[in-house]
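As a basis for the values below, the full set of heavy atoms in this structure was taken, side chains included, without hydrogen atoms, waters or symmetry mates.
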Amino acid sequence: MPEFLLLGLSQEPKVQPFIYVIFLSMYLTTVLGNLLIILAASSDPRLHTPMYFFLCNLSLVDICFTSTTVPKMLANIQTQSRTISYTGCLTQMSCFILFMGLDDFLLTVMAYDRFVAICHPLHYTVIMNPRLCGLLVLGCWVLGLLNSSMQASMSLRLSFCTKVEIPHFFCELDQLIKLACSNTFLNNLIMYCAALLLGGGPLLGIIYSYSKIISSIGGMTSAQGRYKAFSTCASHLSVVSLFYVTGMGVYLSSAVSERAYPSAVASVLYTVVTPMLNPFIYSLRNKDIKRALKTFFVQGTVKRPIVLH
């Protein structure tokens, strides 16, 4: 098929300007907030640690994750066109799967980092060395690319009939499979197996890491030590909960309801809202990020003396 039609969140013309302003504001907030996280961690040598290295990668992935879907939606509203080409649809779907998987894998790696920092503090610098950190991020990218490539190649074998309207604001794999008029058994099998392995596996890893962390915190005799250990995990645990709760809510709502509209609205939570909230969650209670940003902007605004030769 030459093109698909993205029906979006609403087909009411009066609602389109409101949706445009809301999504543009959220997109700009997401990009700016995550860029500030990357800027703060990169500019301050004291933040050149594994935790902030993974956080920078997560912020970069969140920017790409949101940029996969929102700009196309804004362009369609601006031009009053709902079309997306066949190639563009498959590309958007592949990028969406890639960055969603990277989000999942990076959150798991960050949970492992907190596990080592709290449960094995004396060996932390030896275990979480720069080589291992680089290999962990590389492994996340390799797994994400393999999954995305596999889903894209399976989607290429699908054939579509006359109905090419996607009741969503982006090309989602599940919606594409439902629109296909060819046999989709193998596509559904691979999609659910990948979701079970690449979604359930990291979730079990996160649960195991935090079970050990909670057990270690409970064994601490110092109240100050328990508070410090918990505060280092609170931000990450909040992001993990937000990501998984909203993600599972989308698929549960699509399984319970046959209408695609509730699923499309729920998808906004983990595709747009979660990446937007991550910088606020990590920076509001993080004194290191605040200090790095303050130092960067203060140094940037201080006038340097002019030396006359």
Side-chain angles (χ1 to χ4, degrees), residues 3-40 58-85 88-89 91-100 102-103 164-176 235 238-239 241-251 253-254 257 259-284 289-290 293 297:
E3 61 185 16
F4 294 94
L5 293 178
L6 296 174
L7 300 184
L9 297 175
S10 175
Q11 300 184 42
E12 293 291 334
K14 296 181 180 179
V15 184
Q16 298 301 315
F18 176 74
I19 294 177
Y20 183 87
V21 172
I22 292 296
F23 272 80
L24 179 61
S25 302
M26 289 194 295
Y27 178 67
L28 294 177
T29 303
T30 301
V31 173
L32 179 61
N34 284 286
L35 281 177
L36 287 176
I37 293 289
I38 297 173
L39 184 65
L58 181 67
S59 296
L60 177 62
V61 169
D62 280 340
I63 293 174
C64 298
F65 188 30
T66 309
S67 300
T68 302
T69 57
V70 177
K72 178 59 180 175
M73 177 186 179
L74 297 175
N76 284 356
I77 296 176
Q78 183 70 26
T79 59
Q80 297 183 355
S81 171
R82 300 178 184 274
T83 61
I84 183 171
S85 66
C89 188
T91 303
Q92 187 185 61
M93 181 204 70
S94 302
C95 292
F96 177 81
I97 294 173
L98 169 63
F99 294 121
M100 184 176 68
L102 281 171
D103 249 355
V164 290
E165 294 182 348
I166 301 177
H168 220 296
F169 65 95
F170 66 94
C171 290
E172 191 184 37
L173 177 61
D174 183 51
Q175 297 296 331
L176 281 180
S235 300
S238 301
V239 172
S241 303
L242 189 62
F243 180 80
Y244 275 99
V245 168
T246 54
M248 288 194 303
V250 170
Y251 290 101
S253 65
S254 62
S257 177
R259 296 182 303 166
Y261 178 73
S263 176
V265 175
S267 298
V268 177
L269 294 176
Y270 78 97
T271 57
V272 183
V273 176
T274 301
M276 180 186 68
L277 293 179
N278 285 356
F280 294 100
I281 294 174
Y282 279 112
S283 61
L284 286 178
I289 294 289
K290 292 179 181 178
L293 287 174
F297 286 112

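Atom SG of residue C89 and atom CG of residue L176 lie 4.5 Å apart, to the nearest 0.5 angstrom. How far OG1 of T68 is from CZ of F99: 5.0 Å, rounded to the nearest 0.5 Å. Here the CG atom belonging to D62 is positioned 5.0 Å from the CG atom belonging to N34, to the nearest 0.5 angstrom. Y244 contributes atom OH, which lies 12.5 Å from atom OG1 of T274 (distance to the nearest 0.5 angstrom). Taking CZ from F4 and CD1 from I166, the interatomic distance works out to 5.5 Å, rounded to the nearest 0.5 Å. Summarising the geometry, atom CD1 belonging to I84 is positioned 13.0 Å from atom CE belonging to M73; distances are rounded to the nearest 0.5 Å.
Put simply, the side chain of L98 does not reach to within 4.5 Å of the side chain of S94, judged on heavy atoms.
Among all heavy-atom pairs drawn from F169 and V268, the shortest one is CE2-CG2, 3.9 Å. Heavy-atom minimum distance, K72 versus T83: NZ-O, 3.2 Å. Of all non-hydrogen atoms in M100 and F243, the two that sit nearest each other are O-CZ, 4.0 Å. Taking each heavy atom of I37 and I289 in turn, the nearest pair found is CD1-CG2, 4.2 Å. In terms of heavy-atom proximity, T66 sits nearest to P275 at OG1-CB, 3.5 Å. Of all heavy-atom pairs spanning L60 and I38, the tightest one is N-CD1, 3.9 Å.
Listed by chain and residue number, nothing satisfies the side-chain hydrogen bond (donor to acceptor under 3.5 Å, both in side chains) test with S25 (two or more places apart in sequence, or in another chain). With sequence neighbours left out, the ring-ring contact (aromatic ring centres under 6.0 Å, His included) criterion links F65 to F96.
The one candidate from V31, L28, T29 that meets the side-chain contact (heavy atoms from CB on, under 4.5 Å) condition with M276 is T29.
In this structure, cysteines C64 and C95 have SG atoms that are not closer than 2.5 angstrom.
Under the 3.5 Å distance criterion, with hydrogens and angles disregarded, no donor-acceptor pair is assigned to the side chains of S238 and Y282.
The backbone N or O of L5 lies less than 3.5 Å from no partner atom in the side chain of R82, so there is not a single donor-acceptor pair.
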